[in-house]
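Some notes on the structure that comes next.
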Amino acid sequence: MIAFVSGPVAALAPDTAVVEVGGVGMALQCTPNTLAELRIGQHTKLATSLVVREDSLTLYGFADDDEKQVFELLQTANGVGPRLAQAVLSVHTPDALRRAFATGDEKALTAVPGIGKKGAQKLLIELKDRLGAPVGNAPAVGAPVTSGWRDQLHAALIGLGYATREADEAVTAVTAQAEAAEQPNIGALLKAALQTLNRAR
């Protein structure tokens, strides 16, 4: 079991980070929120969860142990695999997810791609008392971004290897989306920005 990896960030992609550990590049599947905090060349420490399949070994990386534990707990529910669990954490922080379960918030769960109304109801029943109470003051949906969301998003895009001009254009393209939301979510904005960049190429 690989509990965590620690080392310099060697490469970043829209859904993956490569961390150099003892001369070996470890590829980790990460959420946009986690990737947005990483920079190529900077040292990082990510909690990890190894998912073993007959034809693959996939390492998932997390900002902290709490996110990792929620990722693993989500997979104890019927029909939830690692990809869906990661999708949930791409939309909601662990505390926001706890609040959604504590209040029976179906809408928060159906905001996750791949979860419909029936699936949300099923998850609420299966996991309601297992996630525990929120430990912070997270909002109900996702991780909030302060008025400095532009700088955070721009830095994340530069960290992913995009040129300054491309990052500027992508930030401009998602400005309306960010300003329309009461609590802009850096993960959602990063996804939208990457989509505009992919269309432009």
Side-chain angles (χ1 to χ4, degrees), residues 1-77 80-98 112-114 127 130-132 134-136 138 142-145 149 151-163 167 170 185-195 197-198:
M1 177 67 179
I2 302 173
F4 67 87
V5 299
S6 178
V9 178
L12 291 170
D15 60 358
T16 308
V18 177
V19 178
E20 184 178 341
V21 181
V24 177
M26 306 284 283
L28 296 89
Q29 298 288 313
C30 301
T31 66
N33 288 332
T34 298
L35 290 169
E37 299 300 318
L38 303 179
R39 301 289 179 271
I40 293 176
Q42 289 187 3
H43 190 279
T44 190
K45 181 178 179 180
L46 297 175
T48 59
S49 180
L50 180 64
V51 176
V52 180
R53 295 287 185 265
E54 287 185 9
D55 58 349
S56 67
L57 293 172
T58 306
L59 199 59
Y60 288 83
F62 308 94
D64 53 41
D65 285 328
D66 186 32
E67 191 176 51
K68 169 186 173 179
Q69 289 166 6
V70 171
F71 171 80
E72 293 177 343
L73 183 59
L74 285 169
Q75 292 177 74
T76 64
V80 178
R83 288 188 181 279
L84 185 55
Q86 188 180 48
V88 172
L89 288 168
S90 293
V91 176
H92 301 290
T93 63
D95 257 9
L97 197 59
R98 291 187 181 100
V112 179
L127 298 177
R130 300 179 61 194
L131 284 175
V135 295
V145 179
W149 67 266
D151 292 337
Q152 293 182 43
L153 181 58
H154 193 275
L157 291 166
I158 296 297
L160 287 170
Y162 288 97
N185 181 291
I186 189 64
L189 292 174
L190 181 57
K191 278 186 177 178
L194 290 171
Q195 287 173 353
L197 287 166
N198 288 336

When the side chains of residues 51-64 are checked against the rest of the protein, which donor-acceptor pairs come out under 3.5 Å, sequence neighbours left out?
{"residue": "D64", "atom": "OD1", "partner": "D66", "partner atom": "N", "Å": "3.2"}
{"residue": "D64", "atom": "OD1", "partner": "E67", "partner atom": "N", "Å": "2.8"}

According to side-chain contact (heavy atoms from CB on, under 4.5 Å), who are the partners of A85, at least two apart in sequence or on a separate chain? F71, L74, Q75, V80

Residues two or more places apart in sequence or in another chain: which of them pass side-chain hydrogen bond (donor to acceptor under 3.5 Å, both in side chains) with R130?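 Once residues adjacent in sequence are excluded, the partners of R130 under the side-chain hydrogen bond (donor to acceptor under 3.5 Å, both in side chains) criterion are T76.
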
For a 4.5 angstrom cut-off between non-hydrogen side-chain atoms, does V70 reach R98?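 Heavy-atom side-chain distance check passes, below 4.5 Å.
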
Can you tell me how far the CG atom of L194 sits from the NZ atom of K191, to the nearest 0.5 Å? 10.0 Å

Roughly how far, to the nearest 0.5 Å, is the CG atom of L73 from the CG atom of L127?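 Going from CG on L127 over to CG on L73, the span is 5.5 Å.
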
List the atom pairs, donor and acceptor, that lie under 3.5 Å between side-chain atoms in residues 9-31 and the rest of the protein, sequence neighbours left out.
{"residue": "T16", "atom": "OG1", "partner": "Q29", "partner atom": "NE2", "Å": "3.4"}
{"residue": "T31", "atom": "OG1", "partner": "T34", "partner atom": "N", "Å": "3.3"}
{"residue": "T31", "atom": "OG1", "partner": "T34", "partner atom": "OG1", "Å": "3.2"}

Which atom pair, heavy atoms only, marks the closest approach of A36 to L190?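 Reported closest heavy-atom pair: CB-CD2, 4.4 Å.
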
Exercise: identify the closest heavy-atom pair between S49 and E72: OG-OE2, 2.9 Å

